[in-house]
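Data block below; observations after.
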Amino acid sequence: MYAIYAWMRHADDLIDEQGDRDAASALLDEFAEHTRASLTGSVPCDLPMWKAFTETVSRWSLDPAPFGMMIDGQQADLEGQPIRTPDELLQYCRQVASSVGLICIQIWGATGDLARDLAIERGIAFQLTNILRDLREDLEMGRCYLPSEQLKSAGISTDDLLSWLHADRCESLVRGWIDIAHEAYGRSAPLDEMIDVECRPTLWAMTSIYRSLLDRIDRDPSRIARGPRIRLGAAHKTSIALRARWMARGG
């Protein structure tokens with residue numbers, strides 16, 4: 001899991017930390033080439049991450065498709081492709097988050113079409129939570145993940161959203177996506193019982209953190225635009241960690 005996380009983190013950082021689009025595009029192309037080499041069992045370079053990644057995908061016979069999904073999502077972010085419709089937003093969520101779930105469940109012991117479908121749903125729930133929480137930061141960088149057709153239909157602009165002008169319209173739009181995320185968490189609940197017992201505390205902790213963030217957004221949607229950034233307090237996160245450890249010990 002550390003090797004998979006390192007790959008995911010590197011893919012994300014290539015886009016987030018590069019100020020020059022051409023440079024980032026070249027790095028993403030190289031990253032995609034290295035990934036393809038690793039997936040065929042060939043270590044692409046001497047960096048420890050790639051050695052660990054190549055061994056991991058070989059040991060677990062990981063499906064190459066979700067890795068390609070992630071790279072496609074990063075490419076879409078790099079190109080700044082506008083999200084016009086709800087379907088396009090859900091597809092983006094599948095690319096950058098459901099892909100992670102599809103990889104993880106292969107290591108966590110869940111197989112079959114139902115497990116795949118549930119992992120896709122959980123990824124959508126996680127990514128929608130991220131998108132809502134980071135709304136202000138993304139808008140300030142000129143990126144809006146909420147569908148432009150919905151904003152137009154609601155009669156609001158991205159500037160209106162950022163300033164929370166026409167509060168009732170902004171809240172109605174955001175609450176629609178809060179509800180979709182809640183529904184995705186609910187539909188994906190059976191996944192927790194489908195993975196290996198020793199892996200369940202990890203998934204439970206991740207889900208508890210993200211779902212708690214969504215609950216806080218739900219209590220006051222305007223905070224995602226007005227701030228401060230929604231976070232979990234240290235006591236809340238510690239309680240989740242302690243319960244996950246208790247679960248791991250057979251609780």
Side-chain angles (χ1 to χ4, degrees), residues 1-13 15-17 49 52 70 73 92-93 96-105 107-110 118-141 143 145 171 174-175 177-251:
M1 291 307 302
Y2 278 119
I4 296 301
Y5 177 80
W7 184 90
M8 297 288 181
R9 181 76 269 161
H10 192 45
D12 203 43
D13 288 346
I15 307 304
D16 290 345
E17 295 182 358
M49 185 205 83
M70 169 63 81
Y92 173 75
C93 291
V96 300
S98 297
S99 56
V100 181
L102 292 171
I103 293 165
C104 288
I105 63 169
I107 297 172
W108 292 345
L118 296 178
I120 289 170
E121 288 286 346
R122 187 68 58 89
I124 289 172
F126 281 179
Q127 188 60 29
L128 287 178
T129 303
N130 263 338
I131 285 171
L132 293 171
R133 182 182 61 161
D134 295 342
L135 177 76
R136 183 175 188 85
E137 291 85 348
D138 290 332
L139 288 174
E140 288 175 341
M141 292 188 295
R143 185 74 165 122
Y145 290 96
E171 181 165 332
V174 168
R175 283 204 179 277
W177 286 103
I178 291 173
D179 291 344
I180 291 171
H182 276 308
E183 291 165 5
Y185 281 117
R187 284 193 299 268
S188 65
L191 180 64
D192 297 55
E193 300 299 320
M194 300 174 71
I195 64 176
D196 292 339
V197 172
E198 62 267 29
C199 301
R200 292 176 190 174
T202 299
L203 180 58
W204 176 86
M206 292 168 60
T207 303
S208 295
I209 289 170
Y210 277 85
R211 205 164 191 172
S212 295
L213 289 169
L214 184 65
D215 287 341
R216 294 194 174 196
I217 296 170
D218 198 359
R219 286 198 288 271
D220 182 6
S222 70
R223 283 187 59 189
I224 63 176
R226 295 173 175 169
R229 190 170 190 262
I230 293 176
R231 304 177 186 273
L232 299 185
H236 193 151
K237 289 188 287 187
T238 299
S239 70
I240 291 173
L242 290 174
R243 183 172 177 187
R245 177 171 291 185
W246 176 77
M247 292 169 65
R249 291 177 176 173

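No hydrogens, no waters, no symmetry mates; every other heavy atom, side chains included, goes into these values. This is a predicted model, so every value here is computed, not measured. Numbers for residues simply follow the sequence, beginning at 1.
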Item to check | Euclidean distance, S98 OG relative to L118 CG, rounded to 0.5 Å | outcome: 11.0 Å

Checklist outcome for this item: H182 meets the ring pair (Phe, Tyr, Trp, His ring centres under 6.0 Å) criterion, sequence neighbours left out, with none

Checklist entry - Looking at residues at least two apart in the chain, or sitting in another chain, which of them share a salt bridge (charged side-chain N to carboxylate O under 4.0 Å, His left out) with R136? => result E140

Item to check | Student check: side-chain heavy atoms of I131 and D138 closer than 4.5 Å | outcome: no

Checklist entry - Within a strict 4.5 Å, meaning less than it, do heavy atoms of the D134 and R229 side chains meet? => result yes

Checklist entry - What's the shortest heavy-atom distance between R223 and P228, and which atoms? => result NH2-O, 3.6 Å

Item to check | Set of side chain to side chain donor-acceptor pair (under 3.5 Å) partners for E121, sequence neighbours left out | outcome: R187

Item to check | Pairs meeting criterion salt bridge (charged side-chain N to carboxylate O under 4.0 Å, His left out) with involvement of residues 198-216, two or more places apart | outcome: E193-R200

Next on the checklist: So E171 and S222, do their side chains get closer than 4.5 Å, heavy atoms only?
Outcome noted: no

Item to check | L128 versus W177, closest heavy-atom pair with distance | outcome: CD2-CE3, 3.8 Å

Item to check | Taking every non-hydrogen atom, the tightest pair across G123 and A97 | outcome: O-CB, 3.2 Å

Item to check | Trace of the side-chain contact (heavy atoms from CB on, under 4.5 Å) decision for R175 with D218 | outcome: CA-CA 7 Å; R175 283 204 179 277; D218 198 359; 2.5 Å; yes

Next on the checklist: Would you say that more than 12 heavy atoms from the other residues, nucleotides or ligands in this model lie under 6.0 Å from the CZ of R226, or not?
Outcome noted: yes

Item to check | With T129 via side chain to side chain donor-acceptor pair (under 3.5 Å) - residues at least two apart | outcome: Y185

Item to check | Spatial distance of atom CG (N130) from atom CG (L214) [nearest 0.5 Å] | outcome: 11.0 Å

Next on the checklist: Ignoring hydrogens, what is the shortest heavy-atom contact between A181 and A125? Give both atom names and the distance.
Outcome noted: O-CB, 3.8 Å

Checklist entry - Tell me the ring pair (Phe, Tyr, Trp, His ring centres under 6.0 Å) pairs involving residues 190-224, sequence neighbours left out? => result F126-Y210

Checklist entry - Quick one: are R122 and D192 in side-chain contact, heavy atoms under 4.5 Å? => result yes

Checklist entry - Atom CG in L132, atom CD1 in I224: separation rounded to 0.5 Å? => result 5.0 Å

Next on the checklist: Nearest 0.5 angstrom please: M194 CE to L203 CG, how far?
Outcome noted: 12.0 Å

Checklist outcome for this item: Separation between CD1 (I105) and CD1 (I120), nearest 0.5 Å, reads 8.0 Å

Checklist entry - Are the side chains of M70 and I103 in touch, meaning some heavy atoms are under 4.5 Å apart? => result no

Next on the checklist: So which atom in M206 and which in W108 form the shortest heavy-atom distance, rounded to 0.1 Å?
Outcome noted: SD-CH2, 4.2 Å

Checklist entry - Looking only at heavy atoms, which two atoms of G73 and Y92 are closest? And how far apart? => result O-CE1, 3.9 Å

Next on the checklist: Within this structure, what is the CZ-CG distance for the pair R9 and D12, rounded to the nearest 0.5 Å?
Outcome noted: 4.5 Å

